[in-house]
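Naming convention: chains lettered A, B, ... in sequence-line order (proteins, then strands); numbering from 1 in each chain.
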Number of protein chains: 2
Amino acid sequence: MRLVIARCSVDYVGRLTAHLPMAPRLILMKADGSVSVHADDRAFKPLNWMNPPCTVRESAGDDGSNLWTVTHGKSGEMLILRIEEFLHDSSHELGPDPGLQKDGVEAHLQELLAEHITTLGDGYALIRREYPTAIGPVDILCRDAEGGTVAVELKRRGDIDGVEQLTRYLELLNRDPALKPVRGVFAAQEIKPQARVLAHDRGIDCVTLDYDELRGIEPDTPRLF
Amino acid sequence: MRLVIARCSVDYVGRLTAHLPMAPRLILMKADGSVSVHADDRAFKPLNWMNPPCTVRESAGDDGSNLWTVTHGKSGEMLILRIEEFLHDSSHELGPDPGLQKDGVEAHLQELLAEHITTLGDGYALIRREYPTAIGPVDILCRDAEGGTVAVELKRRGDIDGVEQLTRYLELLNRDPALKPVRGVFAAQEIKPQARVLAHDRGIDCVTLDYDELRGIEPDTPRLF
DNA sequence: CCATAAATGTCGATT
DNA sequence: AATCGACGTTTATGG
């Protein structure tokens, strides 16, 4: 990883064109071949960047400045850095990262809810996760206490899009005489008001999930307290 | 902007929980208050980060390590860095950035298509761009050769969401006796298969646009070749 | 490699 | 604060 602080101007030509006037910035060159140009704001987002695989060619500009031409072979995108002054330049060997472990993404929610399907109500029974349809897999298909089929759409954050998605599934599933009638449940850790209204309007039930609670009643990971 | 290369472990608790084992990484602290932790891969995306506004509290760990506790006041998210060894530490004054100028392809697409509305078919005539409705502006409203009204939804990449969006517009527009019946056209540089299927199912026509071709027949920007 | 869905999506405009 | 749409979305996953 090479860290360069430099006065530079940047031009990007690719999916759009962009220009950055000359100013001091951080140029971050990673071992994966990526290049990104950061200002002192915009949080973790760079002003401009190039994703690997790309090649960096160094040359001299007319005025003695350094030209770094970063080219993305496949797409033809280009990033051109004109560097007027180097304020810092250091390289560091980090080695491969052990990697990030995440907990609490939608996949985990699905596992947990499938295991504790009665969270949706007494007498519920799992049919299967990722139930395939022509327009994509339904997150969870199950039966309620009365034996009716229930399609569950699962989101971390329940937005209006999720309701639309579930609506499409329900429309399709209800064309199948073997399943019909299929009811819908929209389950999420957080459900936006408008999504709730739309769901209600379409006869879809909403359930907010408590991840910690689901994990708390998880039998495979006993706790010490 | 402070650049720290350090052996550190990281824990994030917030919208999800995440853990990073001890390893050398870049810790990027910007003047805007953001903190991000980078490995030597994943291009410009950090392993973990905290957006401003947040506060950083430094303390000593049990084993003499440095503990940096980054707290996001509003949301209660936390990022905890345990630093075992500093390999580099430098600060740099960059000042405010003059800012990024983008020249997007997408905005031009609408202009270009409006000017060359016959791209959609012979005899088409523009009514107006950004035709206002209660749920937002329709990208382009026009008439076809038979005098029928056509609503055009324009995207760079035609996804299923765009079809839903156009469907909502069509439903609304078709309630207006003065316009009714209104047909839909989904136009994009690239249309995903699933979006195409859904559009067809709803009687919406799909048109793929070639940006270069549209620009090529553009009279206002003559080219030198 | 293509297609699809998730993302700590982020970001900005508008209500 | 919530919603909506755009993003050079990027990233992971399955066919």
Visitor: Quick one, A/R25 and A/L20 - any side-chain contact, counting heavy atoms below 4.5 Å?
Guide: yes
Visitor: If you find the nucleotide of DNA chain C closest to A/K74 and the one closest to B/R157, which residue's nucleotide is nearer the 5' end?
Guide: A/K74
Visitor: Measure the shortest side-chain to side-chain distance between A/C142 and A/V152 over non-hydrogen atoms and say whether it is less than 4.5 angstrom.
Guide: yes
Visitor: Please give, in whole Å, the distance from D/dT10 C1' to B/H38 NE2?
Guide: 14 Å
Visitor: Does any part of the side chain of B/L79, heavy atoms only, come nearer than 4.5 Å to the side chain of B/T71, both counted from C-beta?
Guide: no
Visitor: Can you find a pair of side-chain heavy atoms, one from A/L209 and one from A/L112, that are under 4.5 Å apart?
Guide: no
Visitor: A/E106 has an atom CD; how far is it from atom C1' of C/dT8, in whole Å?
Guide: 14 Å
Visitor: Does a side-chain N-to-carboxylate-O contact under 4.0 Å join B/K30 and A/D41?
Guide: no
Visitor: Name the residue closer to the 5' end of DNA chain C, choosing between B/D159 and A/L100 according to the nucleotide with the nearest heavy atom.
Guide: B/D159
Visitor: At a heavy-atom distance below 4.0 Å, what parts of residues 15-35 of chain B sit against DNA chain C?
Guide: B/R15, B/L16
Visitor: Are B/L109 and B/Q189 packed together at the side-chain level, in the sense that at least one heavy-atom pair is separated by less than 4.5 angstrom?
Guide: yes
Visitor: Output one line per pair: protein atom, nucleotide atom from nucleotides 13-15 of chain D, and distance, for all N/O pairs under 3.5 Å.
Guide:
none

Visitor: Taking the P atom of each, how far is D/dC4 from D/dG8, in whole Å?
Guide: 22 Å
Visitor: Taking the basic N atoms (NZ, or NE/NH1/NH2) and the acidic carboxylate oxygens, is any pair closer than 4.0 Å for A/R183 and A/D205?
Guide: yes
Visitor: Are any of the side-chain nitrogens in A/R215 or A/E213 under 4.0 Å away from the carboxylate oxygens of its partner?
Guide: no
Visitor: Can you sort out which residues in residues 41-54 of chain B have a heavy atom within less than 4.0 Å of DNA chain C? Ascending by number, please.
Guide: B/K45, B/L47, B/N48, B/W49, B/N51
Visitor: Can you give me the N/O atom pairs linking the protein to nucleotides 13-15 of chain C at distances under 3.5 Å, or say none if there are none?
Guide:
none

Visitor: How close or far is atom C1' of D/dT9 from atom OH of A/Y12, stated in whole angstroms?
Guide: 11 Å
Visitor: Could you check how far CD1 of B/I135 sits from P of D/dC4, rounded to whole Å?
Guide: 10 Å
Visitor: Roughly how many Å is it from NE2 in A/H108 to P in D/dA12, rounded to a whole number?
Guide: 14 Å
Visitor: Roughly how far, to the nearest 0.5 Å, is OG of B/S36 from CE of B/M29?
Guide: 9.5 Å
Visitor: Heavy-atom distance under 4.5 Å between the side chains of B/D97 and A/L47, does that happen here?
Guide: yes
Visitor: Tell me the interatomic distance from B/K102, atom NZ, to D/dC7, atom P, rounded to whole angstroms.
Guide: 8 Å
Visitor: Check the pair A/S91, A/R2 against side-chain hydrogen bond (donor to acceptor under 3.5 Å, both in side chains), reporting the backbone distance first and the verdict last.
Guide: CA-CA 4 Å; A/S91 293; A/R2 182 175 174 191; 4.7 Å; no
Visitor: Among residues at least two apart in sequence or on other chains, which ones pass side chain to side chain donor-acceptor pair (under 3.5 Å) with A/R128?
Guide: none
Visitor: Hey, which of these two, A/I160 or B/R156, hits DNA chain D nearer its 5' end, going by closest nucleotide?
Guide: A/I160
Visitor: In residues 188-203 of chain B, what residues come within less than 4.0 Å of DNA chain C, judged by heavy atoms?
Guide: B/K192, B/P193, B/Q194
Visitor: Report which part of the nucleic acid B/Q165 touches: base, sugar-phosphate, or nothing (heavy-atom distance under 4.0 Å, all strands).
Guide: sugar-phosphate
Visitor: Please examine the side chains of B/L81 and B/L67, heavy atoms only from C-beta on, and report whether any two atoms are closer than 4.5 Å.
Guide: no
Visitor: Between atom NE2 of B/H19 and atom CG of B/N48, what is the distance when rounded to the nearest 0.5 Å?
Guide: 10.0 Å
Visitor: Could you check whether B/R129 pairs with B/D139 (Lys NZ or Arg NE/NH1/NH2 to Asp/Glu carboxylate O, under 4.0 Å)?
Guide: no
Visitor: Please state how far atom CG in A/D103 lies from atom C1' in C/dA7, giving the value in whole angstrom units.
Guide: 15 Å
Visitor: Salt bridge between B/E164 and B/R168, side-chain N to carboxylate O under 4.0 Å?
Guide: no
Visitor: Could you check whether any side-chain heavy atom of B/V185 comes within less than 4.5 Å of a side-chain heavy atom of B/E153, counting everything from C-beta outward?
Guide: no
Visitor: Could you give the distance separating C/dT8 and D/dG5 at their P atoms, to the nearest angstrom?
Guide: 23 Å
Visitor: Rounding to an integer number of Å, can you tell me how far A/K155 NZ sits from C/dA7 C1'?
Guide: 11 Å
